[in-house]
Amino acid sequence: MPLVPLPLTSKDWAFPAVGVSSVLAVYLYQGYRVGAARKEFKIEAPATTGHPIFERVYRAHQNTVEGLVVFLPSITMFSYFVDPQVGGYLSFVYAAARLIYGEGYARAAKNREVGAVLSGLVTLTTFGWATYAAGKLLVQKKL
């Protein structure tokens with residue numbers, strides 16, 4: 001993958017920003033689903049257990065939150081150090097993967113695998129390439 005010459009302009013950040021916004025929209029949607037499941041199955045906050053469907057919807061949302069801790073900095077670094085256009089596309093793939101994950105998990109725990117693997121691959125890809133590209137620039141003293 002080609003390394004993008006630095007510095008990037010605000011125009012370069014538009015596509016990755018929209019991609020990350022789609023990821024955050026999935027996160028917000030999953031939060032809405034938790035609230036709806038609480039109401040449907042009469043699970044009072046702060047309880048996190050009760051009906052099995054509620055528990056799966058809740059876990060899907062929490063697992064997405066946990067994934068964002070690594071994905072968001074990784075996609076930001078990837079978009080900066082590697083390629084903002086590809087970063088935007090990978091953000092959309094990650095958003096779709098987390099949507100597949102959450103919807104599958106809500107149906108049955110075994111149905112979360114495709115979304116989990118796909119989102120994990122995107123995270124590992126962005127983290128790995130970003131780390132490599134930043135390290136390469138650091139070694140070349142171009143930062």
*Backbone of A109 reached by a side-chain donor or acceptor of R112 within 3.5 Å*: yes
_Residue pairs fulfilling salt bridge (charged side-chain N to carboxylate O under 4.0 Å, His left out) with at least one residue in residues 15-38, sequence neighbours excluded_ = R33-E103
*Quick one: does T49's side chain get under 4.5 Å of F54's, heavy atoms only?*
no
*asked:* Pair N111, R107 - check side chain to side chain donor-acceptor pair (under 3.5 Å), show working.
replied: CA-CA 7 Å; N111 293 344; R107 284 189 217 85; over 6 Å; no
*Are V70 and V26 joined in one hydrophobic group, where the rule is that I, L, V, M, F, W and Y side chains link up if heavy atoms are under 4.5 Å apart?*
no
_Y132 vs F78, test: ring pair (Phe, Tyr, Trp, His ring centres under 6.0 Å). Steps then yes/no._
CA-CA 10 Å; Y132 167 77; F78 180 93; over 10 Å; no
*Neighbour count above 12 (heavy atom, 6.0 Å) for F127 CZ*: no
*What residue pairs, at least two apart or across chains, pass ring-ring contact (aromatic ring centres under 6.0 Å, His included) with a residue in residues 105-125?*
Y101-Y105
_Residues in side chain to side chain contact (heavy atoms under 4.5 Å, CB included) contact with I53, at least two apart in sequence or another chain_ = F41, H51, R56, V57
_Residue E66 excluded, over 12 heavy atoms near CD under 6.0 Å_ = yes
_Before you tell me yes or no, could you show the steps for Q140 and L137 under side-chain contact (heavy atoms from CB on, under 4.5 Å), namely the whole-Å CA-CA distance, both residues' side-chain angles and the distance that decides it to 0.1 Å?_
CA-CA 5 Å; Q140 295 172 348; L137 288 171; 4.2 Å; yes
*Among pairs that include at least one residue of residues 17-36, which meet ring-ring contact (aromatic ring centres under 6.0 Å, His included), considering only residues two or more places apart or in two chains?*
Y27-H61
*asked:* When you compare the side chain of W13 with that of T76, does any pair of heavy atoms fall below 4.5 Å?
replied: yes
*Donor-acceptor pair between Q30 and T64 side chains, under 3.5 angstrom*: yes
*Test side-chain contact (heavy atoms from CB on, under 4.5 Å) applied to M77 and V82, step by step*: CA-CA 8 Å; M77 292 185 306; V82 181; over 6 Å; no
*Scan residues 85-97 for pairs that pass side chain to side chain donor-acceptor pair (under 3.5 Å), counting only residues two or more places apart or in two chains.*
none
_By side chain to side chain contact (heavy atoms under 4.5 Å, CB included) - contacts of A96 (at least two apart)_ = none
*asked:* Nearest 0.5 angstrom please: R98 CZ to F71 CZ, how far?
replied: 10.5 Å
